[in-house]
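Proteins come first, then strands; the chains are lettered A, B, ... in the order of their sequence lines, and each starts at number 1.
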Amino acid sequence: MKLDRRKTFFVYPKPPFHFDGTFYKPSHFPNKLKLDDWEIGKYWQGLRLGKKLYGLKMENAGLGLKPKLKVSVYSDKKIEAGEIEKLKKEISWRFELDIDLKEFNDLAKKDSQFYPVFKKWIGMRNASQYTLYELLIIAIVLQNATARRSQQMLDVLIGKLGTMVEFDKKELWAIWLPEDMERISEQELRDLKIGYRAKFIKRLSLDFTKDKINEMNLRNLEKESTNKELVKLYGVGPETARILLFEVYHHYDVFDHVAPWQQKIYSQLFYGKELVSANKIRDDIQKRYGKYSMLAVHYIWEDVFWRRKNEKIEWLEKEIRL
DNA sequence: CATCAGGGCCCTG
DNA sequence: CAGGGCCCTGAT
């Protein structure tokens, strides 16, 4: 799909703002069929908004304390003024451009252990580049699988059902819409070697097409109500809901459960030890960062994956098994 | 070669 | 509320 119509506008995030920390998350492992692309100061992705599929390019146009983003949107049809307004709103929500992190930053200053990390990434947002449905699909292939297999499953799904968009000399992929799942049987999905997840994805997609869940409505609900709605979805349990609450709905106080593989990484990160009990990790972090627990962990987590790009971190390599 | 757990969840008893 | 089963892979 060629997106050769373009509109450009500027947006002004609330300072402080960290462009690269916001748009590039090194802990998200890249697929062969890329959903996004990044280089210092620039970012591209396919963006679904309703039934529409756009190309999105973000460029850092800020100077010092004045954050500014140049936004280019691409489409196969003429882009109307009303669409621009909707896109502005959506981008602001997904990338938390208008959020005030002062309280969190003040808390970070008091943390002698990790202040250097927080300082390095000050202004980084908990960005959600995907729609609820898209992230749900990603979360499903993460379940009960190691990173490499998750990548394989996502690649084969995107190759079969996704859409490639061409814009700004990039070729990127976008995840399909829920109704596209009607075109493929559960058995055909299984033949892609995604296992029992085929059933999850079929039923989940049906819930979306039948409007049993509405992404936008959940943005206005409290955390617990949103959680209740999410776990109603077939294939969504507490851990997947937790990821969605943080990444899609920007709730920062979701550090209530620590999975074994996370426990190992947190033990090294926070204590420099091989294994600290999950309960102790949870209690310590909650005591330190309160309602910002998950956001604080996000900073520290992304930081170590960023470091991994340049240095060999033995204990981390062992845990992620790519 | 066989066995097994994995970046959970559903279902049963 | 505990425990078995699930698809497929790579590790052992």
(message) Without decimals, in angstroms, what is the distance between A/Gln187 CD and C/dC7 P?
(response) 10 Å
(message) Check this for me: does the side-chain of A/Arg149 come within 3.5 Å of the base of C/dC7 through a donor and an acceptor?
(response) yes
(request) Using the P atom on both, measure C/dC7 against B/dT12 and round to a whole Å. (result) 14 Å
(request) Consider only side-chain N and O atoms of A/Glu222 and A/Ser225, and report whether a donor and an acceptor are under 3.5 Å apart. (result) no
(message) If you take the centroid of each ring, where Trp contributes its six-membered ring, are A/Tyr252 and A/Tyr289 closer together than 6.0 Å?
(response) no
(message) Distance alone, cut at 3.5 Å: any donor-acceptor contact between the side chains of A/Ser128 and A/Tyr249?
(response) no
(message) Distance check needed: B/dG6 C1' versus A/Ile140 CD1, whole Å only.
(response) 16 Å
(message) Under 4.0 Å from OP1 or OP2 of C/dG10: is there any side-chain N or O of A/Gln152 that close?
(response) yes
(message) Suppose you measure atom C1' in B/dG7 against the same atom in C/dC1; what distance do you get, rounded to whole Å?
(response) 24 Å
(request) Mind checking A/Pro238 for me? I need base, sugar-phosphate or nothing, with any heavy atom below 4.0 Å counting as a touch. (result) sugar-phosphate
(message) Rounding to an integer number of Å, can you tell me how far A/Arg148 CZ sits from B/dG6 C1'?
(response) 14 Å
(request) Can you label the angle between the A/Tyr299 ring and the A/Phe118 ring as parallel, tilted or perpendicular, going by 30° and 60°? (result) tilted
(message) Reading DNA chain B from 5' onward, which residue's closest nucleotide shows up sooner: A/Glu239 or A/Lys264?
(response) A/Lys264
(message) Can you check the distance between B/dC9 and B/dA5, where both ends of the measurement are the C1' atom (answer in whole Å)?
(response) 16 Å
(message) Testing the basics here: between A/Gln286 and A/Ser293, what is the closest heavy-atom pair and its distance to 0.1 Å?
(response) CA-OG, 3.4 Å
(request) Would you mind classifying the nucleic acid contact of A/Gln262 as base, sugar-phosphate or nothing, using non-hydrogen atoms under 4.0 angstrom? (result) nothing
(request) Search all heavy atoms of A/Ile79 against all heavy atoms of A/Ile84 and return the closest pair with its distance. (result) CG2-CD1, 3.9 Å
(message) Without decimals, in angstroms, what is the distance between A/Lys318 NZ and C/dT12 P?
(response) 11 Å
(request) Could you check which of B/dC11, B/dG6, B/dC9 has an atom nearest any side-chain atom of A/Arg203? (result) B/dC11
(message) Under 4.0 Å, heavy atom to any atom of DNA chain C: which of residues 189-198 of chain A qualify?
(response) A/Arg190, A/Lys193, A/Gly195, A/Tyr196, A/Arg197
(message) By nearest heavy atom, map A/Trp261 and A/Tyr234 onto DNA chain B; which one lands nearer the 5' end?
(response) A/Trp261
(request) Anything under 30° is parallel, anything over 60° is perpendicular, the rest tilted; go ahead and classify A/Tyr74 against A/Phe167. (result) tilted
(message) Between P on B/dG7 and CG on A/Leu316, what's the gap in Å once rounded to a whole number?
(response) 13 Å
(request) From the options A/Ile281, A/Val276, A/Leu275, A/Asp284, select the one residue that forms a side-chain contact (heavy atoms from CB on, under 4.5 Å) with A/Tyr266. (result) A/Ile281
(request) Give A/Leu233 one of three labels, base, sugar-phosphate or nothing, depending on what nucleic acid heavy atoms sit under 4.0 Å from its own. (result) sugar-phosphate
(request) Send over the distance from A/Lys202 NZ to C/dC7 C1', rounded to a whole Å. (result) 18 Å
(request) Identify whether any heavy atom of A/Thr240 sits under 4.0 Å from a base atom; if not, whether one sits that close to sugar-phosphate; answer base, sugar-phosphate or nothing. (result) sugar-phosphate
(message) Under the criterion side chain to side chain contact (heavy atoms under 4.5 Å, CB included), I'd like the reasoning laid out for A/Tyr43 against A/Tyr24: C-alpha separation, chi angles, the key distance, then a yes or no.
(response) CA-CA 8 Å; A/Tyr43 172 78; A/Tyr24 178 59; 5.9 Å; no
(message) Ignoring hydrogens and geometry beyond distance, is a side-chain donor-acceptor pair present between A/Glu103 and A/Tyr292 at under 3.5 Å?
(response) yes
(request) To the nearest Å, give me how far apart NZ (A/Lys25) and P (B/dG7) are. (result) 22 Å
(message) Rounded to whole Å, please give me the gap between CG in A/Leu154 and P in C/dC7.
(response) 20 Å
(message) Let me check I have this right: for DNA chain B, each base becomes ., (, ), [, ] or |, based on Watson-Crick or G-U pairs with both distances under 3.5 Å. What is the full string?
(response) .|||||.||||||
